[in-house]
Amino acid sequence: MNATVDKKKIHTMLWRMIAGAVFGAAMTAVFLLIFQPRMDPGDPSHMIAIIAGISYLLIGLSVGIGLVAPNAGSRFLNVEDADELREERPKLRSGAIACALIGIFLLVLALGPDGGLLSRAVTFWFAAACLAGVIIASFMSRKTDELTRQITLEASAGTLHIALVVLAGWAALAELGYAPLLSPLGLVAGFAMLELIAIFAVSATKGLMTPR
Amino acid sequence: MENRVKACRERMGWSQGELARRLGVSRQTINAVETDKYDPSLPLALRMAKLFAAPVDQLFIDHWTGEHSE
């Protein structure tokens with residue numbers, strides 16, 4: 001591979017990352033502008049859940065759009081060509097559904113009753129349906145490829161180690177009154193966010209983020 | 001770990017997708033192995049060796065000489 005191709009690939013990777021970050025930040029800002037006035041400023045849980053929820057929803061949607069329109073998807077997803085998306089459709093479809101449902105689950109719980117979006121009962125059934133969907137989608141994609149399985153294993157182990165350190169620090173600060181208490185939603189959203197970061201970190205260390 | 005998967009695949013006239021299909025893995029896995037980004041599991045390495053009719057140690061080259069080797 002020559003230097004020109006390398007440079008082009010790095011540019012593509014940077015543009016994808018910047019576009020994803022800008023779009024994610026813009027969506028988060030819109031959500032916060034609409035819902036922040038109704039949130040408890042002393043509780044960071046909702047904020048964490050919104051950021052994690054939007055991240056998961058956007059990833060799920062972008063993979064889903066890529067699967068529906070593989071020619072367009074091959075331009076913004078890190079695949080070799082549109083055929084790869086068609087070949088991997090069954091596996092990616094359940095992953096995209098699970099990802100989007102995790103995002104909706106977090107957003108619904110963060111914005112439901114407290115954000116004035118849904119009633120408590122509707123939020124409960126909505127969240128339960130999302131959770132059931134995630135379990136079904138995960139069950140459908142249990143026959144994953146060994147590279148995906150390896151990345152998931154390494155990312156999950158990393159998430160647990162980082163979470164223990166982060167939670168230990170946070171617990172110490174909260175116990176001493178230097179940090180706010182985190183609700184169960186904040187805890188789940190924090191874990192989901194750490195898992196996402198760990199997956200990207202593991203993929204990057206294996207060189208899998210480089211455009212192909 | 002260095003490997004000769006790409007050379008073997010090309011010798012057979014297969015695309016990455018074709019090799020992936022024969023091995024029951026994704027094209028991304030084949031790409032990652034060929035570009036030395038991922039070392040396959042032992043079962044996958046053995047299957048590759050069987051498919052290419054080549055010994056594993058000729059397909060995957062480990063330059064380790066052994067700390068106490070004489």
Side-chain angles (χ1 to χ4, degrees), chain A residues 1-2 5-6 8-10 12-13 16 59 62-63 66-67 70-71 73-74 76-96 140-155 199-212, chain B:
Chain A
M1 192 185 296
N2 60 41
V5 177
D6 265 349
K8 201 181 163 197
K9 283 186 169 187
I10 289 166
T12 311
M13 182 177 71
R16 277 179 188 159
I59 291 168
S62 54
V63 176
L67 291 176
N71 288 326
S74 63
F76 59 83
L77 296 171
N78 195 13
V79 288
E80 208 157 329
D81 50 38
D83 282 340
E84 190 176 349
L85 281 172
R86 292 186 190 101
E87 288 162 18
E88 299 294 319
R89 193 174 273 159
K91 191 182 82 181
L92 291 173
R93 186 173 43 208
S94 44
M140 280 163 66
S141 65
R142 71 193 188 283
K143 263 190 92 177
T144 52
D145 176 54
E146 77 163 55
L147 178 63
T148 313
R149 204 163 44 241
Q150 186 62 30
I151 291 170
T152 312
L153 278 172
E154 287 179 32
I199 285 172
F200 278 108
V202 170
S203 302
T205 53
K206 288 188 185 299
L208 299 173
M209 301 287 279
T210 317
R212 290 157 58 192
Chain B
M1 192 185 292
E2 196 186 325
N3 71 76
R4 292 189 183 134
V5 173
K6 189 179 179 186
C8 289
R9 174 179 62 77
E10 286 175 345
R11 202 183 57 222
M12 305 291 269
W14 295 336
S15 64
Q16 284 186 345
E18 174 64 17
L19 178 59
R21 193 189 59 76
R22 285 172 186 263
L23 290 165
V25 295
S26 68
R27 212 199 293 185
Q28 193 186 26
T29 300
I30 301 299
N31 184 278
V33 171
E34 285 187 358
T35 50
D36 288 332
K37 289 171 182 169
Y38 173 66
D39 292 330
S41 65
L42 187 57
L44 183 57
L46 289 171
R47 273 176 225 146
M48 282 178 169
K50 204 178 275 181
L51 209 55
F52 294 133
V56 177
D57 61 352
Q58 279 180 26
L59 200 54
F60 297 94
I61 301 113
D62 186 6
H63 296 291
W64 184 70
T65 51
E67 232 174 286
H68 304 292
S69 63
E70 287 171 25

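Residue numbers start from 1 in every chain, and the chains themselves are labelled A, B, ... in the order their sequence lines are given, proteins ahead of strands. No experiment lies behind these values; they were computed from the predicted model shown.
- Near-neighbour residues of residues 24-34 of chain B relative to chain A, defined by a heavy atom under 4.5 Å from a heavy atom of that chain, comprise B/Val25, B/Ser26, B/Arg27, B/Gln28, B/Thr29, B/Asn31, B/Ala32.
- Legend: residues meeting side-chain hydrogen bond (donor to acceptor under 3.5 Å, both in side chains) with B/Arg11, ordered by chain and number and at least two apart, are absent.
- Atoms CG and CG, on B/Leu23 and A/Asp145 in that order, are 10.5 Å from each other to the nearest 0.5 Å.
- At a 4.5 Å heavy-atom cutoff, the contact between A/Glu87 and chain B is made by side-chain atoms alone.
- For A/Glu84, the parts lying under 4.5 angstrom from a heavy atom of chain B are both the backbone and the side chain.
- For B/Glu18, the side-chain contact (heavy atoms from CB on, under 4.5 Å) partners two or more places apart in sequence, or in a different chain, are B/Trp14, B/Ser15, B/Arg21, B/Arg22.
- For residues 37-62 of chain B, the interface with chain A (any heavy-atom pair closer than 4.5 Å) comprises B/Lys37, B/Tyr38, B/Pro40, B/Ser41, B/Leu44, sorted by residue number.
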